Peer 1: 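Would you mind keeping the following structure in view while I ask a few things?
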Amino acid sequence: MFIPSMLLKQLYNRGSLKNTDKGISFSIKNRLKDAELKEISHIKINGNEIDLNQIILTTSESTEIKATSITKDNRIDFPLRKTIQINILNHDPLPIERHELEVSVKASPFGNLKLSVNDSVVDPAKVEKKLPRDEMDDFGDEIIKERQKYISEFAKKPINHIGKYSIDPHDLAGNIEHFTGVAQIPMGFAGPIKVNGEHAIGEFMIPMATTEGTLVASYNRGMKVANMCGGIKVSVVDDAMQRAPVFEFIDARGARDFVQWIKLNFDKIKEEAETTSSIADLVYIDHFLSNKFAFLRFNFKTGDAAGQNMVGRATFAACSWILDQYPGIKNFFLESNFATDKKASQINIMRTRGKRVTAEVTLKKEILQQYMRVEPAQLDHHSRIAAIGSFLSGVNNTGLHSPNGITAMFIATGQDVANVSESSAGIIYTELTEEGDLYLSMTIPSLIIATYGGGTGIGTQKESLELLNCYGKGKAYKFAEIVAAVVLAGEISLASAISSSDWVSSHEQYGRNR
């Protein structure tokens, strides 16, 4: 299996080269996929080959394995994200300067792998004070307590609440670094809300984590009204996740010709990208030319994962192949800021990032009058004026407060909360019907959610998703429909409160001024 050289370099843990009391050591981490080591072919330091009898491998289980004992009949597991420390015994200390390392192994399913990197030995006298870490098991009880003690002594304050948790820290590998404890955020439930989706069908109780008074009550009020009007219809209309590399050439013509080559070689690029994941599906590549730069926007489907890391790995693999194949590339960056990761942007409103979802409801006139003390015409009129305010202020949302519900649900269900910056975009539309009712719809063009992977498998967050029957594979569209329905319920409630002048009094009753 061909692995581009750029991708192979990622296996090496930068900054891990050090002198020890037994010799020297460095570490590698599997960033490809589950594998087995069948042989250590050779290790070279500054071009000098090391005697395999000097080499001992240490795993996170503190198991020591002689390099000479690894054979095709005596393989060692090297799962994804696992780190192996390579210790070279009785080696003279390396000078504090840059050194060349070469590691050659045989591994299944890759075959022969050879990575060549440069790394520097750090001067121990210049190492800054830093949090305690354990390179091989940074989620063990001892190292966590050591960190808590370090922080408590550093701040001269006790750690009480932070250090209490019910989750297994080892389950957090890949979710957080320097794990020290947890942040406890109050949770309430709103609902039930009736969702008439294609994937979410029925009534759901909505977990919301927040410290903002009135928020849960407000969404609960909007859900009640929506239910009385038959529930909220929701449709997922598009799905995409991007990574946007940029390639630099000596002139604009070079960039233009490169884009034509990309179009002709899409099938091969797709094949290379998808070798990194069984889920990532490269659907198309947008191109945008400016000056002497070719900006490419790789568009993937990512199943039930939010997918930013997944598409990053896949795009990196594809670009590694491109760099090995196409001459004349002057410079390359994996991300050009054109995917607008975790930033609100116009391109994602137009082109979709994550899930594009539309929620709709027709609010009956008599229900609005009786329960919200507003007329449909009031809400429609306010919506039109608010659209002008949105235009004048340049915001990415013509609605009122969709980030409130999205953030509360994101925290409760283990989403990457920074994605609210993109997911906050919303396009609201109102229309008075011939019967005098109010049709209301909200399109969320870049709702970035996951029901599998990331933080969704952690204790509280997994439990919250399970209460919605949205945890695991095959549930992302369902969860997206529920989130969109909740957003629309929140719009109903706040719009009615503003139009009926209940907004301030509600905050007085439920909020901080109570």
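Quick caveat, the model's predicted, so the values are computed rather than measured.
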Peer 1: Report the residues that fulfil side chain to side chain contact (heavy atoms under 4.5 Å, CB included) with Lys156, sequence neighbours left out, ordered by chain and then residue number.
Peer 2: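 Lys156 satisfies side chain to side chain contact (heavy atoms under 4.5 Å, CB included) with no residue once adjacent residues are dropped.
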
Peer 1: Cut-off 3.5 Å, no hydrogens considered: what does the side-chain donor-acceptor table look like for residues 181-192, sequence neighbours left out?
Peer 2:
none

Peer 1: Are any of the side-chain heavy atoms of Lys270 and Asp281 separated by less than 4.5 Å?
Peer 2: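 When only atoms from C-beta onward are counted, Asp281 and Lys270 do touch, with a gap below 4.5 Å.
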
Peer 1: Check whether the side chains of Glu435 and Thr433 place a donor and an acceptor atom closer than 3.5 Å, and report yes or no.
Peer 2: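 Yes - a donor-acceptor pair under 3.5 Å links their side chains.
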
Peer 1: My understanding is that only residues two or more places apart in sequence, or in another chain, count here; which of them pass ring pair (Phe, Tyr, Trp, His ring centres under 6.0 Å) with Tyr471?
Peer 2: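 If we apply the ring pair (Phe, Tyr, Trp, His ring centres under 6.0 Å) test to Tyr471, skipping adjacent residues, there are no hits.
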
Peer 1: Run the salt bridge (Lys or Arg N to Asp or Glu O under 4.0 Å) test against Glu271 and tell me which residues pass, sequence neighbours left out.
Peer 2: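 With sequence neighbours excluded, Glu271 shows a salt bridge (Lys or Arg N to Asp or Glu O under 4.0 Å) to Lys268, given in chain and number order.
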
Peer 1: I'd like to check Val283 versus Lys301 (side-chain heavy atoms, cut-off strictly below 4.5 Å). Are they in contact?
Peer 2: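 Val283 vs Lys301: side chains touch.
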
Peer 1: Report yes if the side chains of Leu282 and Phe266 come closer than 4.5 Å at any heavy-atom pair, otherwise no.
Peer 2: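 They are in side-chain contact.
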
Peer 1: Less than 4.5 Å apart, side chain to side chain, heavy atoms only: is that true for Ser496 and Arg221?
Peer 2: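 Yes, side chains in contact.
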
Peer 1: Can you list every pair that meets ring pair (Phe, Tyr, Trp, His ring centres under 6.0 Å) and has a residue in residues 408-458, with sequence neighbours left out?
Peer 2: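 Sorted pair list comes back empty.
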
Peer 1: Measure the shortest side-chain to side-chain distance between Tyr219 and Met409 over non-hydrogen atoms and say whether it is less than 4.5 angstrom.
Peer 2: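 Tyr219 does not reach Met409 side chain to side chain.
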
Peer 1: Closest heavy-atom contact between Leu379 and Ser499?
Peer 2: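 That would be CD2-OG, 3.6 Å.
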
Peer 1: I'd like to check Ile322 versus Ile262 (side-chain heavy atoms, cut-off strictly below 4.5 Å). Are they in contact?
Peer 2: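 Side-chain contact under 4.5 Å: yes.
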
Peer 1: I'd like to check the salt bridge (Lys or Arg N to Asp or Glu O under 4.0 Å) partners of Asp137; sequence neighbours left out, ordered by chain and number.
Peer 2: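 With neighbours one apart ignored, the set is empty.
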
Peer 1: What pairs meet the side chain to side chain donor-acceptor pair (under 3.5 Å) rule with one or both residues in residues 223-233, with sequence neighbours excluded?
Peer 2: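 For residues 223-233, and leaving out neighbouring residues, there are no side chain to side chain donor-acceptor pair (under 3.5 Å) pairs at all.
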
Peer 1: Hey, which of Arg353, Lys342, Lys343 is the one that makes side-chain hydrogen bond (donor to acceptor under 3.5 Å, both in side chains) with Glu422?
Peer 2: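 So the option named by the test is Arg353.
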
Peer 1: Considering only heavy atoms from C-beta outward, does the side chain of Met372 approach that of Leu363 to under 4.5 Å?
Peer 2: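 When only atoms from C-beta onward are counted, Leu363 and Met372 do not touch, as no gap falls below 4.5 Å.
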
Peer 1: Please check if atom NZ in Lys473 has more than 12 non-hydrogen atoms from other residues, nucleotides or ligands closer than 6.0 Å.
Peer 2: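 No, the 6.0 Å shell around NZ holds no more than 12 heavy atoms from other groups.
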
Peer 1: Are a donor atom and an acceptor atom from the side chains of Ser446 and Asn348 found within less than 3.5 Å of each other?
Peer 2: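 No - no donor-acceptor pair under 3.5 Å links their side chains.
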
Peer 1: Tyr165: what forms a ring pair (Phe, Tyr, Trp, His ring centres under 6.0 Å) with it, not counting sequence neighbours?
Peer 2: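 Tyr165 satisfies ring pair (Phe, Tyr, Trp, His ring centres under 6.0 Å) with Phe179 once adjacent residues are dropped.
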
Peer 1: Keeping to residues at least two apart or across chains, list the ring pair (Phe, Tyr, Trp, His ring centres under 6.0 Å) pairs with something in residues 363-392.
Peer 2: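 For residues 363-392: none.
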
Peer 1: Can you name the residues that form a salt bridge (Lys or Arg N to Asp or Glu O under 4.0 Å) with Arg297, not counting sequence neighbours?
Peer 2: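 Partners of Arg297 under the salt bridge (Lys or Arg N to Asp or Glu O under 4.0 Å) test: none.
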
Peer 1: Quick one: side chain to side chain donor-acceptor pair (under 3.5 Å) pairs with a partner in residues 398-409, sequence neighbours left out?
Peer 2: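 Every pair satisfying side chain to side chain donor-acceptor pair (under 3.5 Å) with a residue in residues 398-409: Asn397-Ser402, His401-Asn404.
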
Peer 1: Kindly write out the residues that satisfy salt bridge (Lys or Arg N to Asp or Glu O under 4.0 Å) with Lys478, not counting sequence neighbours, or none if the list is empty.
Peer 2: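 Salt bridge (Lys or Arg N to Asp or Glu O under 4.0 Å) list for Lys478, sorted by chain: empty.
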
Peer 1: Determine the minimum heavy-atom distance between Met442 and Val487, stating which atoms define it.
Peer 2: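 For Met442 and Val487, the tightest heavy-atom pair comes out as CG-CG1, 4.0 Å.
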
